[in-house]
Amino acid sequence: MERSAYNVYRIPKRRGGWREIAEPNPALKEKQRAILRWLMARRIAPSPYAHAFVLRRSIVSNARPHVGKQVVVRIDLEDFFPSVEEGHVRQALVNEGIAGAIAREIAGLCTMEGHLPQGAPTSPFLSNLVFKPLDYRLAGLARKWDDEFKMISYTRYSDDLIFSGNYPRLNLIIHPVREILTEAGFTINRKKTRVLRSSNRQAVTGVVVNAIPNVGRDLRHRLRGMLHRFKVMLIERKPVECDLAHVQGMIAHIGSINSAAARPLRAELQTVEMLLNVASR
């Protein structure tokens, strides 16, 4: 589709630079949603190694295979969605048994100027589908490096590729991974690629995996401090503005990763809620 079919704008990235968002116009968005429903009804699914944009998978399921490993290698892809071309989408659909003419029509309707737009409802699903053969190749590469003791694992969360194992020189896997990705038209973001060893904090998509799945102490401390401030201000009858829904969501997120870590935060939240009820009488 032409660029004019999208509302294109930029948002700042967390670590500098800009990300282009292309939101389809209402008519095109409805067509794309219908295409997504049609594809999902055919039980077309991503690889078992993909954990983003997949029902019943999450950052926790993505992190779980990497818990307790000596080395974690995080490889970030540069410009993931724009790197997926219309031809890639068409071929991925054909690989799933979609007739060529229908695959061509879908690929045309779900791309912008020949690439997947970040902002279309179909882009996450189609990106997983395009990457499906690569997921199997990269998992095969991990198996080649594996033996009884190395325990090499591979998962992917959107543009984050994770390898882990008990092989001290697992960082050497980056070179063959780069070759596979380059051949397929993807580029590694070297600035965001990390080799994390068990002697330091190992985090995978925000989940700490050194011993058990957990969240970083900084987030828990920040939430605990926020709840404490709310309590003090309510006890002192000072005006307080707190977005309880946001706090509840953050605690639920922590609980989905480590229920024990969320327990004291839930107790603090209950106290705040009680004080808010008293203050509102």
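Please read these numbers as outputs of a predicted model, since none were measured by experiment. Atom set for the values below is all heavy atoms of this structure, side chains included, hydrogens, waters and symmetry mates excluded.
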Q | CD on Gln248 to CE on Met250, rounded to 0.5 Å | A | 13.0 Å

Q) Between Val272 and Leu227, which heavy-atom pair has the shortest distance, and what is it? A) CG2-O, 3.7 Å

Q) For the side chain of Asn171 and the backbone of Val73, is there at least one donor-acceptor N/O pair under 3.5 Å apart? A) no

(Q) Would the distance check show the side chain of Arg104 and the main-chain N or O of Gly87 forming a donor-acceptor pair, the cut-off being under 3.5 Å? (A) no

Q: Output yes when a side-chain donor or acceptor of Thr182 lies under 3.5 Å from a complementary backbone atom of Arg178, and no otherwise.
A: yes

**Q.** Inter-residue atom distance Ser153.OG - Arg64.CZ, 0.5 Å rounding
**A.** 12.5 Å

Q. What's the shortest heavy-atom distance between Phe163 and Ile173, and which atoms?
A. CD2-CD1, 3.8 Å

Q) In terms of side-chain geometry, is the basic nitrogen of Arg3 or Glu20 positioned less than 4.0 Å from the acidic oxygen of its partner? A) yes

Q: With sequence neighbours excluded, give me every ring pair (Phe, Tyr, Trp, His ring centres under 6.0 Å) pair touching residues 18-54.
A: Tyr49-Tyr136, Tyr49-Tyr154

Q) For Arg156 and Phe131, which heavy atoms make the closest approach, and how far apart are they? A) NE-CD2, 3.2 Å

Q) Given side chains that start at C-beta, do those of Gln202 and Val208 come closer than 4.5 Å, heavy atoms only? A) no

Q.
For a side-chain contact (heavy atoms from CB on, under 4.5 Å) check, start with the C-alpha distance between Ile44 and Phe125, then their side-chain angles and the critical distance, and finish with the verdict.
A. CA-CA 10 Å; Ile44 294 173; Phe125 181 89; 4.1 Å; yes

Q | Connected hydrophobic set around Val54, excluding itself, where side chains approach under 4.5 Å | A | none

**Q.** Heavy-atom donor-acceptor pair, Asn25 side chain to Leu28 backbone, under 3.5 Å
**A.** yes

(Q) Set out, in order, the CA-CA distance, both residues' side-chain angles and the distance that settles side-chain contact (heavy atoms from CB on, under 4.5 Å) for Asp79 and Thr187, then state yes or no. (A) CA-CA 8 Å; Asp79 298 325; Thr187 305; over 6 Å; no

(Q) When you group the ILVMFWY residues by side-chain heavy-atom contacts below 4.5 Å and let the links chain together, are Leu36 and Ile98 in the same group? (A) yes

Q: Using a cut-off of 6.0 Å, state whether more than 12 heavy atoms not belonging to Met151 lie near its atom CE.
A: no

Q.
Donor-acceptor pair, distance only, cut-off 3.5 Å: does the side chain of His66 make one with the backbone of Ala63?
A. no

Q: Could you go through the side-chain contact (heavy atoms from CB on, under 4.5 Å) check for Leu196 and Val71 one step at a time?
A: CA-CA 6 Å; Leu196 310 169; Val71 184; over 6 Å; no

Q. Is any side-chain heavy atom of Pro117 less than 4.5 Å from a side-chain heavy atom of Ser123?
A. yes

Q.
Counting neighbours of NZ on Lys29 that are heavy atoms of other residues, nucleotides or ligands and sit closer than 6.0 Å, is the number greater than 12?
A. yes

(Q) Within the structure provided, determine whether Asp159 and Asp76 are in side-chain contact (heavy-atom separation under 4.5 Å). (A) yes

(Q) Just verifying a value: how many Å separate Gln118 CD and Tyr6 OH, rounded to the nearest 0.5 Å? (A) 13.0 Å

Q. In terms of side-chain geometry, is the basic nitrogen of Glu105 or Lys31 positioned less than 4.0 Å from the acidic oxygen of its partner?
A. no

Q. Which atoms form the tightest heavy-atom contact between Ser83 and Gly185, and what is the distance?
A. CB-O, 4.1 Å

Q) Just wondering, do Leu77 and Leu181 contact through their side chains at under 4.5 Å, heavy atoms? A) yes

Q | Chi angles and distances behind the side-chain contact (heavy atoms from CB on, under 4.5 Å) call for Val215, Asn258 | A | CA-CA 8 Å; Val215 292; Asn258 185 337; 6.0 Å; no

Q. Rounded to the nearest 0.5 Å, how far does CD1 of Ile162 lie from CZ of Arg194?
A. 12.0 Å

Q.
Would the distance check show the side chain of Thr271 and the main-chain N or O of Ala267 forming a donor-acceptor pair, the cut-off being under 3.5 Å?
A. yes

Q: Answer yes or no: does atom CZ of Arg266 have more than 12 heavy-atom neighbours from other residues, nucleotides or ligands under 6.0 Å?
A: yes

Q: Starting at CZ of Arg90, measure out to CG of Leu126 and round the result to the nearest 0.5 Å.
A: 13.0 Å

**Q.** ILVMFWY cluster, Val72 and Val177 together (side-chain gap under 4.5 Å)
**A.** no

Q.
When you compare the side chains of Thr205 and Asn62, does any donor N or O come within less than 3.5 Å of an acceptor on the partner?
A. yes

**Q.** Derivation and outcome, salt bridge (Lys or Arg N to Asp or Glu O under 4.0 Å), residues Glu268 and Arg229
**A.** CA-CA 11 Å; Glu268 290 284 297; Arg229 286 194 300 274; over 6 Å; no

Q. About how many Å separate CD of Glu78 and NZ of Lys191, when rounded to the nearest 0.5 Å?
A. 8.5 Å

Q) Are side-chain heavy atoms of Ser259 and Arg263 found at a separation under 4.5 Å? A) yes

**Q.** Heavy-atom side-chain proximity of Glu85 to His115 below 4.5 angstrom
**A.** yes

(Q) Using side-chain heavy atoms (C-beta onward) and a distance below 4.5 Å, is Ile75 in contact with Ile174? (A) yes

Q. Do you know the tightest heavy-atom contact between Ile35 and Cys110?
A. CD1-SG, 3.9 Å

Q) Side chains of Leu39 and Leu129: closer than 4.5 Å at any heavy-atom pair? A) no

Q | Cluster check Val60, Leu161: I/L/V/M/F/W/Y, side chain < 4.5 angstrom | A | no

**Q.** Sole candidate of Arg42, Gln91, Lys132 that passes side chain to side chain donor-acceptor pair (under 3.5 Å) when paired with Glu96
**A.** Lys132

Q. Using a distance-only test with no angle check, is there a side-chain donor-acceptor pair under 3.5 angstrom linking Lys69 and Ser198?
A. no

Q) Same cluster for Met40 and Leu93 if Ile/Leu/Val/Met/Phe/Trp/Tyr side chains link at under 4.5 Å? A) yes

**Q.** Donor-acceptor pair, side chain of Asn166 and main chain of Gln70, under 3.5 angstrom
**A.** yes

Q) If you take all heavy atoms of Ala261 and Asn214, which pair is closest and at what distance? A) CB-OD1, 4.0 Å

Q | Same cluster (ILVMFWY, side-chain, under 4.5 Å), Val195 and Val204 | A | no

